[in-house]
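Whatever order the structure lists them in is the order used to number ligands and atoms, beginning at 1.
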Amino acid sequence: MKILVIKSSPHEHSSSNLLAGHFIRGAKEKGHDITEFDAAHGNLHPCIGCDACRMSGPCCQKDDMEGVREAVLTSDMMVFVTPLYYFGMSAQLKILIDRFYSFNGELMAKQMKTALIVAAWDSGEWTMKEIEGHYMTLCRYLRFSNQGMILGTGCGTPAMTSKTRFPQQAYEFGKRIGM
Ligand SMILES: Cc1cc2nc3c(=O)[nH]c(=O)nc-3n(C[C@H](O)[C@H](O)[C@H](O)COP(=O)(O)O)c2cc1C
């Protein structure tokens, strides 16, 4: 299966990317074909809401999103990878997701498989409530088929993350993704 992993941390040494790396290792061992895009270090601009695309493109902004659109529409699965920022996804990832607007219908029709990987500092049982809810609502609206989530609490730095159960969980999740 073709899997597009969308990372979104501004950190060079990132907790969420560490978890994504373990997922990718597992998925590659299973034989999946992985493409990565880093929304935090690409050239992506926020949707300006001009509605010139009328939700079916093309977008009037010419940046990396043209390549991302192609990668999304030729993949079978997307994995959203993000640090937890004020109980939601990073702005870097949200900018990319808002740009789905110009191919909203095509994306819905694909009924893609998706997954979510999050790294957060806190360990409270409510830490991931809102991001989980937002992601599941996106799945419902965009007709994504959720394959699972790695909700890494207590993952405030790569060193903290390495000491948790989540890297192993991410690896096993990658290995479990069906062909
Ligand atoms: C702007 C900002 C907002 C944050 N908000 C939260 C939060 O709401 N809850 C939490 O547990 N951690 C929060 N954190 C901590 C990060 O989620 C945590 O350090 C994470 O490991 C960063 O992942 P990364 O290295 O992949 O960027 C925040 C960090 C920043 C910089």
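Looking at P83 next to ligand 1, no N or O pair under 3.5 Å apart turns up. Any N or O atom pair closer than 3.5 Å counts here, and P10 shares no such pair with ligand 1. Considering backbone and side-chain atoms alike, A120 places every N or O at 3.5 Å or more from each N or O of ligand 1. Below 3.5 Å of separation, one finds no N or O of H13 facing any N or O of ligand 1. For N17, no nitrogen or oxygen atom sits less than 3.5 Å from a nitrogen or oxygen atom of ligand 1, counting backbone and side chain alike.
The nearest non-hydrogen atom to atom 20 (C) of ligand 1, considering only G154, S123, G88, A119, comes from A119. Nearest-residue assignment for atom 19 (O) of ligand 1 (options S15, A20, G156, S90; heavy-atom criterion): G156. Of the options L84, T127, I131, I117, the smallest heavy-atom separation from atom 17 (O) of ligand 1 is shown by L84.
No donor-acceptor pair under 3.5 Å is formed between the side chain of K113 and the backbone N or O of I3. Put simply, the side chain of Q61 gets close to the backbone of P46: a donor and an acceptor are under 3.5 Å apart. Looking at N43, its side chain never comes within 3.5 Å of a backbone N or O of D64 through a donor-acceptor pair. Formation of a donor-acceptor pair under 3.5 Å by the D76 side chain with backbone atoms of K2 is found in this model.
Between W126 and F87, the ring planes lie tilted relative to each other; the angle falls in the 30° to 60° range.
For the pair Y135/T114, a side-chain contact is recorded, criterion being any heavy-atom separation below 4.5 Å from C-beta on. Residues V81 and F23 are not in side-chain contact: their nearest non-hydrogen atoms beyond the backbone lie 4.5 Å or more apart.
Those atoms of ligand 1 with a heavy atom of C155 less than 4.0 angstrom away are 20 (C), 21 (O). Heavy-atom contacts of S14 reach the following atoms of ligand 1: 24 (P), 25 (O), 26 (O) (cutoff under 4.0 Å). Under a 4.0 Å criterion applied to the non-hydrogen atoms of S9, ligand 1 contributes the atoms 24 (P), 25 (O), 26 (O), 27 (O). Listed by number with element, the atoms of ligand 1 under 4.0 angstrom from any heavy atom of H11 are 24 (P), 25 (O), 27 (O). For ligand 1, the atoms lying closer than 4.0 Å to a non-hydrogen atom of D122 are 9 (N), 10 (C), 11 (O).
Considering only residues two or more places apart in sequence or on other chains, Q147 meets the side chain to side chain donor-acceptor pair (under 3.5 Å) condition with S145.
Surrounding NZ of K94 are at most 12 heavy atoms belonging to other residues, nucleotides or ligands under 6.0 Å away.
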